[in-house]
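Structure first, then comments.
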Amino acid sequence: MLANIRIVLVQTYHPGNIGASARAMKTMGLTDLVLVNPRCFPDPEASRLAAGAEDVIDRARVVGSLGEAVSDCVQVVGASARLRSLPLPHFDEPEAMARELVANADDPVALVFGRERFGLTNDEIRCCSHQVNIPANPDYGILNLAQAVQVLAYETFKAWRQRHESQYRQPRPAEERQPTREQLEHFHEHLSRVMRQSGFLTQPHARTEAQLQALFARAQPSRKELSLLRGLLRSLEPDTTDASDRS
């Protein structure tokens with residue numbers, strides 16, 4: 001589905017903006033980049049600012065017109081700062097736009113961005129089926145081209161990952177994995193033993209231990225954090241090694 005979502009940049013003036021836009025795309029899982037009459041491309045500056053998204057730059061297609069760029073698309077959304085400049089269906093919120101775009105992405109769809117200085121012309125907007133603008137500070141609503149791509153690419157990626165069929169799961173570092181029930185049981189046994197050895201508990205006290213178990217259940221320590229706590233408990237345990245053994 002994400003592979004069917006195309007980013008189209010029209011007559012981009014600065015090649016660095018192409019690279020920065022490619023980087024914004026890749027962070028959100030988008031790879032299909034089409035350039036309409038860029039002033040300078042390919043260009044080392046585009047590759048430099050792609051910063052790890054050079055594969056998106058290398059696969060980018062250059063075409064001669066916006067019509068050619070979107071001819072196979074079932075939905076084309078033009079990003080424009082001019083509110084309702086033409087009587088096209090208009091999305092008041094990028095989030096709503098993204099949900100509909102993703103819903104139609106069984107076939108190719110496109111997000112179109114205009115020139116850095118003055119955006120899309122009226123004729124280019126007529127090539128679109130919808131318009132969207134990014135709500136911003138009314139006193140200073142100016143976004144860099146790559147920033148605009150990033151905002152709408154993020155909304156699109158969010159709409160995709162919230163769909164059940166995406167089966168998206170946020171990757172988690174290994175040290176943030178939750179401990180098993182067995183690991184938690186060993187920890188609580190260790191904690192109880194240290195509390196008794198230290199004199200904190202002079203007799204079995206189920207209520208205190210239950211409260212501590214509830215505390216750690218709310219805290220949800222990771223495996224790494226639980227290992228740290230086990231190390232602390234070991235350091236507090238009395239040394240029962242015979243003095244002759246230490247020598």
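FYI, side chains are in, hydrogens and waters are out, and symmetry mates aren't considered; it's all heavy atoms of this structure. Only a predicted model underlies this, so the values are computations on that prediction, with no experimental measurement involved.
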(request) Run the salt-bridge test on E185 and R181 with the 4.0 Å N-O cut-off and return the result as yes or no. (result) no
(request) Would you kindly say whether H190 and E237 are connected by a side-chain donor-acceptor distance under 3.5 Å? (result) yes
(message) Using a strict threshold of under 4.0 Å (side-chain N to carboxylate O), is an ion pair present between R39 and E116?
(response) no
(request) State plainly whether the residues D55 and K26 are in salt-bridge range, i.e. N to O under 4.0 Å. (result) yes
(message) Between S192 and E209, is there a side-chain donor-acceptor contact under 3.5 Å, judged purely by atom types and distance?
(response) yes
(request) Could you tell me whether R115 sits above the aromatic face of Y13, with NZ or CZ closer than 6.0 angstrom to the six-membered ring centre and within 45 degrees of the axis? (result) no
(request) Using the salt bridge (Lys or Arg N to Asp or Glu O under 4.0 Å) rule, take D43 and R48 through it: C-alpha gap first, then chi angles, then the decisive distance, then the call. (result) CA-CA 9 Å; D43 187 274; R48 185 180 73 83; over 6 Å; no
(message) I'd like to know if the side chain of Q147 and the backbone of N144 have a donor-acceptor N/O pair within less than 3.5 Å.
(response) yes
(request) Could you check if a side-chain atom of S21 sits within less than 4.5 angstrom of a side-chain atom of L145, using non-hydrogen atoms only? (result) yes
(message) Quick check: is L49 connected to M25 through a chain of hydrophobic side chains (ILVMFWY, heavy atoms under 4.5 Å apart)?
(response) no
(request) Return yes if a side-chain donor-acceptor contact under 3.5 Å exists between Q178 and Q220, otherwise no. (result) no
(message) Using a 6.0 Å cut-off, check whether atom CD of E182 has over 12 heavy atoms from anything other than its own residue.
(response) no
(request) May I ask you to check whether over 12 heavy atoms, not counting those of R234, lie within 6.0 Å of atom CZ? (result) yes
(request) State, with a plain yes or no, whether a side-chain heavy atom of I7 is found less than 4.5 Å away from one of D32. (result) no
(message) So does L120 get a backbone contact from the side chain of E124, meaning a donor-acceptor N/O pair under 3.5 Å?
(response) no
(message) I'd like to know if the side chain of E100 and the backbone of M97 have a donor-acceptor N/O pair within less than 3.5 Å.
(response) no
(request) Determine whether L191 and L229 make a side-chain contact, defined as any pair of heavy atoms from C-beta on separated by less than 4.5 Å. (result) no
(message) Using 0.5 Å steps for rounding, measure from the CG atom of L152 to the CD1 atom of I5.
(response) 11.5 Å
(request) Enter the distance from L101:CG to E155:CD here, rounded to the nearest 0.5 Å. (result) 12.0 Å
(message) Is any side-chain heavy atom of R6 closer than 4.5 Å to one of V109?
(response) no
(request) For the pair T12 (side chain) and P38 (backbone), establish whether a donor and an acceptor sit closer than 3.5 Å, ignoring hydrogens and angles. (result) no
(message) So, taking the atom named CD in E93 and the one named CD1 in I134, what distance separates them when rounded to the nearest 0.5 Å?
(response) 11.0 Å
